[in-house]
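One structure below.
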Amino acid sequence: MGRPLAGARLSGGGSGGHGPGHASRGGLLGRMSRALVACVARDDVFRSLGRVALPELGDWCDLDLLQDGVLRRIAAFRSPHGQVHGPPSGPPSLLSRRVARTGRPELLRGPSKQVLLALSSEEEALPRLQEAGLLDCLAVPLRLGDQLVGVLSFATRERAARLDEDALALAEDLAGCVAFALETHRLRQELEHTRHEAEARAEALDRELRRQVADFQTLLDVIPVGIGIAQDRECQRIRQNTWFSRLHGLPLDSNISLSAPEGERQPIRYLDKGRALAPEELPMQRAAATGQEVLDVELELEVHGQRRGTLVISAVPLFDEAHRPRGSIGTIQDVTARKRATEAQRFLAESSAVLSSSLDPEQTSRTLARLCVPALANTAALFGWRPDGTLGLVSVTHENLAAESLIASTELPAISEGTPVHEAMVSGQPRLLAVMDFPADSRVERTDVWRELRWRLGIHSLMVIPLSASHGVAGVLVLGSSERTFTEDDFTFAREYAAHASYAIDNARLYREAREAVALREEFLGIAGHELRTPLTALQLGLQSLVRHAATSGDCAGVAKWVATCQRQGERLNRLVGDLLDVSRITSGRLPLVLEEMDLAVLVEEVAARMRPELETAGCALSLSLESPLVGRWDRSRLDQVVTNLLANAVKYGQGRPIELSAVATAEGVCLRVRDEGIGISGVDQARIFERFERAVPDRHYGGLGLGLWITKQIVTLLGGHIHVESEQGRGSTFTVELPQRVEG
Ligand code: ADP
């Protein structure tokens, strides 16, 4: 081998000779190599030593390895049986430790005490070693490259298998094999360990990744923003989150990209001011194509031809490693409610301005329906009471002209009782009829014109809103939609609008009433001035004549005539002033009744006697037909006023024809009737002549303030009675007063 050997080298006895064992040692390395290759576990390596190498190289074999800088016994084999003696315990031998220290192989040949000492350790005591009869021993370092990793030792007692230089060289080669096998095993273990660690890390990473994906998915599901993800530049496939699919009303797994292949495309349109955008104009497609952000694009969404709302869409591009765009992420927000609220406020402000610009209630009513279309509904109709007392359509607006002319060409009957519009008009309660179904076969009963019209216009959602004005319900606004289902928000807003509109109508009405009242006052002042001047002039004339007669002659008859004239004019003046005072008393609720037991027949006769001069002047013959007595508890002077007014009117409008005045007892009290054959009163005028200042004759022909019948009616009502007129123009009038015998309460 040409190498110096450490320690005592015993050259005697069998040196250089080959014992019987030597022959088989020749193939030992090969056998050992094959055995080691087959080793799976570290113990297998040790066992191979015991099984293959020990029989060839001696009777004892120890394997000591350096662990953490300390040499420890790992395996020990003792023949004749070649088995491991128990667990490898105890410290390595002196020889082994020395070789570990020096790093040089040693061969010690015996028998000698030196061999026994070298092999001794705490465990292997000298006497035992002596007893074992050990002859030679050797120890070789186990190396890996430059590094010493342990020591392999053999000892023999067989003379036939003495250890020599060849055995030492063989042991060294063997040590190389063993060291290599142990290292291979260590590396394999390390590899295994690393693989396990890597697997565990991969598993942990996988778990973490799954958790993050789940968290991300949850976030995508709950976030109230629509999110779409496209992984290709053309955005041929856009995956959507829950909110996105909810906004579109399409299944979560559907591809909502407008750039999708033909067969996959969904019936979606995005509109900008009414124009449907092409796929490449959409924000996500633009971001993916250009690599630029596209922010806050406001678009209207339409799915299946139905408007679903207003969206604000933003998109950011996704890039690959080379920073080339490879797709995009889009966010979609539903701003329908926000936009509608803003529009609603603007609409309210604008509509209030428009509505209040007109002071004509009818004009305002028409405008209020028109303004609702299309801001609030497809159709807006206003219903109100008609002169004949039925409820009917006042005005209607439809966003589609053809539909509007369909309505105009339909003969629409009055709204019948029990329908929502009629109920709203009567109760003042608004109603939301969010979804109204048509019969399954979409045919409506031909008799119900309104329902058929609704069906033909396709209106399935209605809001019925009364316009509550200060004097009651002024009309009912009906808003209909064929596109949308009205929501509670729409309903609230429509009511708010109706409140504004009612206010405007009320204002217009009050303004008109105020204007009419002013005009009436002007007219009244003119009439009153004229009326008061007439008797005053007559009175002045009478007094002048009286003075003249008194100065010139003692014409008593002439004086008496002029005195009577003055008296009449004075009474007339008195009546006029009395009427004016009564108006203010009655309107302020201060017309006290002085009730007493009295006879109406007597009163009528008194009035008739007092009015004889007027009757005569007018040329009217008066026939009285009185039941007597007609006793009751009434206010004498007020009843006098009633009879006087009615008789005076009969004289005034009687055209000099006969007048009948009758008074009879009835079951409840009395019935007074004044009948003339004069000019009569038309049906329309009969309804209003009992109102204040209402007159049915030209002022120039007939004097009067238009107060007599109003005062009469107030008195009759205060006395618990009724007054009505039956008349025919040109044929005379009959005024009938019915009074209870006494005032109730
Ligand atoms: P005035 O006689 O001062 O006008 P009234 O209140 O007494 O006021 O009457 C109101 C209106 O009713 C009259 O202007 C007239 O047109 C109508 N009228 C009242 N009585 C008669 C009557 N007997 N015949 C015809 N018209 C009448």
Side-chain angles (χ1 to χ4, degrees), residues 520-550 557-588 590-592 594 603-604 606-620 622 635-654 656 659 661 674 676 678 689-716 735:
L520 206 63
R521 194 191 59 189
E522 301 295 326
E523 190 189 355
F524 172 72
L525 286 176
I527 296 170
H530 176 75
E531 283 298 300
L532 289 169
R533 196 177 312 121
T534 312
L536 262 179
T537 315
L539 193 62
Q540 264 176 336
L541 272 173
L543 286 172
Q544 281 167 9
S545 304
L546 194 60
V547 170
R548 229 179 10 252
H549 273 82
V559 170
K561 187 188 135 215
W562 284 114
V563 168
T565 302
C566 290
Q567 259 178 339
R568 269 206 314 282
Q569 295 308 327
E571 273 164 22
R572 197 173 156 195
L573 263 178
N574 197 32
R575 262 208 313 275
L576 284 169
V577 174
D579 280 356
L580 289 175
L581 286 174
D582 282 348
V583 170
S584 77
R585 283 196 198 109
I586 292 169
T587 41
S588 62
R590 289 182 289 108
L591 189 75
V594 183
L603 178 82
V604 172
E606 277 173 20
V607 175
R610 194 171 64 232
M611 299 241 347
R612 185 139 300 132
E614 274 115 314
L615 284 159
E616 277 169 11
T617 313
C620 296
L622 174 68
D635 182 317
R636 182 186 297 274
S637 75
R638 292 297 169 197
L639 221 41
D640 187 315
Q641 220 174 331
V642 168
V643 180
T644 308
N645 277 346
L646 293 178
L647 195 52
N649 279 351
V651 173
K652 194 171 8 169
Y653 306 109
I659 297 170
L661 207 169
V674 182
D676 64 65
I689 51 173
F690 292 100
E691 296 302 316
R692 212 167 16 163
F693 308 125
E694 291 292 350
R695 311 196 67 221
V697 287
D699 304 332
R700 275 180 287 126
H701 288 88
Y702 302 95
L705 297 174
L707 290 173
L709 283 181
W710 182 73
I711 293 170
T712 301
K713 187 176 176 181
Q714 302 303 313
I715 293 169
V716 169
F735 285 85

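Bear in mind the structure is a predicted one, so any value in this text is a computation, not a measurement. Residues take their numbers from the sequence shown, with the count starting at 1.
Residues Leu705 and Arg695 share a closest heavy-atom pair of C-CD, 4.1 Å. Across all non-hydrogen atoms, the minimal contact from Val651 to Ala618 is CG1-CB, 3.5 Å. Here the closest non-hydrogen pair linking Arg610 and Asp640 is NH2-OD1, 2.7 Å. Gly656 approaches Cys620 most closely through the heavy-atom pair CA-SG, 3.4 Å. In plain terms, the two heavy atoms of Asp635 and Pro592 that are nearest each other are OD2-O, 3.9 Å. Of all non-hydrogen atoms in Ile689 and Ala696, the two that sit nearest each other are CG2-CB, 4.0 Å.
For Arg575 and Thr644, the side-chain atoms include no donor-acceptor pair closer than 3.5 Å.
Electrostatic pairing of Asp676 and Lys652 does not count as a salt bridge here, judged by no charged N lying under 4.0 Å from a carboxylate O.
For the pairing with Phe735, the side chain to side chain contact (heavy atoms under 4.5 Å, CB included) check across Leu709, Asn645, Asn649 returns one residue only, Leu709.
By the 4.5 Å heavy-atom criterion applied to side chains, Leu543 and Cys566 are counted as neighbours. Thr712 is not listed as a side-chain neighbour of Phe690, based on a closest heavy-atom distance of 4.5 Å or more. By the 4.5 Å heavy-atom criterion applied to side chains, Gln544 and Leu541 are counted as neighbours. Between Val594 and Arg636, the closest side-chain pair of non-hydrogen atoms is not below 4.5 Å. At a threshold of 4.5 Å between non-hydrogen side-chain atoms, the residues Val674 and Val643 do not count as touching. Side chains of Leu647 and Leu622 form a contact here, defined as non-hydrogen atoms less than 4.5 Å apart.
Below 30°, between 30° and 60°, or above 60°: for Tyr653 and Tyr702 the angle between ring planes is between 30° and 60°, a tilted geometry.
In terms of the side-chain contact (heavy atoms from CB on, under 4.5 Å) criterion, residue partners of Arg585 (sequence neighbours excluded) are, by chain and number, Leu581, Asp582, Leu591, Arg638.
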Handout entry: Full working for side-chain contact (heavy atoms from CB on, under 4.5 Å) between Gln641 and Ile715
Key = CA-CA 9 Å; Gln641 220 174 331; Ile715 293 169; 3.6 Å; yes
